[in-house]
Amino acid sequence: MHRKRPSVPPVTSEGPAPRIDTSVPHNARIWNYWLGGKDNYPVDREMGEQIRSFFPEIVDNAVADRAFLVRTVTHLAKEEGIRQFLDIGTGLPTHNNTHEVAQSVAADARVVYVDNDPLVLTHARALLTGSAQGATDYVDADLRDPDAILSAASATLDLSEPVALMLLGVVNFVADDGEVRSVLDRLLDALAPGSFLVVSHPTDDIDHERAHQVAAAWNERGTPKITIRSAEGIAALFDGLELLEPGVVSCSLWRPGPTEVGEVRPVAEYGGVARKG
């Protein structure tokens, strides 16, 4: 497979440091807190603890979502031969980032991260450390602007070859289903046959009342605003694609490892992987 080398530097490698608002809790930083990270502020920890007080399983959601990333990227790199990953809404760097998992399987894997959070922007250089054989770049852009994402990503990824489009915990920040469909169609239309879509998304199927209690508490103070979808609504994101087994399920139940079987419990975060024909 021919793979292009970047012809332009990542857009975030230069320029003034972005302004970080530490007075408003932000999803990326709260998620980092739940995962045991240090890149968060008192306002984020306060909100994280408020949510955990009535929904203690939220930490299990965060951990299961990260484990889902590891298993899906490993599967795609090892079993499907995918060597290119477009990870939108990557959040703050932590352990087992997409490029680390992919390049541990195939050193020549190429990964482009996309996010528009100022704190993530300040950590871009940490994300840009990958194998010498592959490439790891960062794009400052919003999911709602797929054309900007595709234009910047094409400096590192060869879009005429299969790409894994990773949308973990990010589609839930676009409330309008029509806008979500438009964005997904634009992104997927630009990717070659044999590409994959990977999505994780909070659901209200396990505990409807508490799921919406979390969303209400978050939306009162936090940013960006969150939307909870049903399992059916999450499955609709894969319309027109070939879902891999076991379909759209709790992230903890998507192909758990041999040591996990019998011990895993469903979490209110659903995920799936599908192939573009």
Side-chain angles (χ1 to χ4, degrees), residues 10-12 17-22 24-41 43-45 47-48 51-52 58-73 85-103 111-130 136-146 149 152-153 164-174 180 183 187 197-202 214-215 218-219 222-228 251 267-271:
V11 297
T12 58
R19 178 181 177 275
I20 299 171
D21 186 350
T22 61
V24 178
H26 195 284
N27 175 73
R29 302 192 305 249
I30 294 177
W31 204 254
N32 175 267
Y33 172 61
W34 284 330
L35 286 172
K38 305 298 184 183
D39 298 313
N40 46 74
Y41 296 94
V43 67
D44 307 307
R45 297 189 284 274
M47 173 63 80
I51 292 174
R52 188 155 63 173
I58 192 67
V59 175
D60 296 333
N61 282 22
V63 172
D65 188 75
R66 176 59 50 161
F68 175 72
L69 180 153
V70 173
R71 293 198 302 276
T72 56
V73 171
F85 295 81
L86 179 56
D87 187 338
I88 303 176
T90 178
L92 289 163
T94 181
H95 63 287
N96 288 331
N97 299 292
T98 298
H99 75 281
E100 294 169 330
V101 178
Q103 292 174 358
V111 178
V112 172
Y113 290 106
V114 181
D115 209 295
N116 68 335
D117 175 68
L119 187 60
V120 175
L121 189 57
T122 67
H123 287 268
R125 287 185 178 86
L127 286 173
L128 293 173
T129 57
T136 308
D137 290 333
Y138 181 89
V139 172
D140 178 23
D142 191 290
L143 174 63
R144 296 176 180 83
D145 193 355
I149 291 173
L165 174 60
M166 312 288 296
L167 298 175
L168 303 189
V170 64
V171 175
N172 41 283
F173 295 116
V174 183
V180 169
V183 168
L187 290 169
L197 172 65
V198 184
V199 175
S200 68
H201 194 297
V214 169
W218 173 255
N219 291 339
T223 182
K225 306 304 180 187
I226 193 170
T227 295
I228 307 294
C251 285
V267 297
E269 188 88 6
Y270 279 12

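One is the number of the first residue; the rest follow in order along the sequence. Computation of the quantities below employed the complete heavy-atom set of this structure, encompassing side-chain atoms and omitting hydrogens, waters and symmetry-equivalent molecules.
- Distance CZ/R66 to CG/L69: 5.5 Å, rounded to 0.5 Å.
- In this structure, H26 has its ring center at least 6.0 angstrom away from the ring center of Y41.
- Scanning all heavy atoms of the two residues, the minimum distance from G130 to T136 falls at CA-OG1, 3.8 Å.
- Closest approach of V43 to P25, counting heavy atoms only: CG2-CD, 3.5 Å.
- In this structure, the side chains of L143 and L187 come closer than 4.5 Å at one or more pairs of heavy atoms.
- Two residues are said to be in side-chain contact when any heavy atoms from C-beta on lie closer than 4.5 Å; M47 and Y33 fail this criterion.
- Between the CG atom in N172 and the CD1 atom in I226 there is a gap of 4.5 Å [rounded to 0.5 Å].
- Note: D60 CG to E269 CD = 11.5 Å, rounded to the nearest 0.5 Å.
- Of all heavy-atom pairs spanning A215 and I228, the tightest one is CB-CG1, 3.7 Å.
- Note that SG of C251 is 11.0 Å distant from NE2 of H201, once rounded to the nearest 0.5 Å.
- Shortest non-hydrogen contact noted between Y113 and H99 is OH-ND1, 2.6 Å.
- Results of the side-chain contact (heavy atoms from CB on, under 4.5 Å) test with I30 over D44, L35, N40, I58 single out D44 as the only residue that passes.
- Looking at every heavy atom in both residues, A141 comes nearest to I149 through CB-CG1, 3.8 Å.
- In this structure the side chain of L167 never reaches within 4.5 angstrom of the side chain of V198, judged on heavy atoms.
- The side-chain heavy atoms of V174 and V183, taken from C-beta on, include no pair separated by under 4.5 Å.
- Distance check, rounded to the nearest 0.5 Å: CZ of R45 to CG of N32 gives 10.0 Å.
- In this structure, L168 and D65 have side chains that are in contact, with non-hydrogen atoms separated by less than 4.5 Å.
- Going from atom CG of N97 over to atom CG of D87 covers 8.5 Å, rounded to the nearest 0.5 Å.
- Looking at F85 and V112, their side chains never come closer than 4.5 Å, going by heavy atoms from C-beta outward.
- Between the side chain of D115 and the main chain of T90, a donor-acceptor pair closer than 3.5 Å is present.
- The shortest distance between side-chain heavy atoms of W34 and I51 falls below 4.5 Å.
- Across every non-hydrogen atom of N61 and A268, the tightest pair is OD1-N, 3.4 Å.
- Between the side chain of Y138 and the backbone N or O of H123 there is no donor-acceptor pair closer than 3.5 Å.
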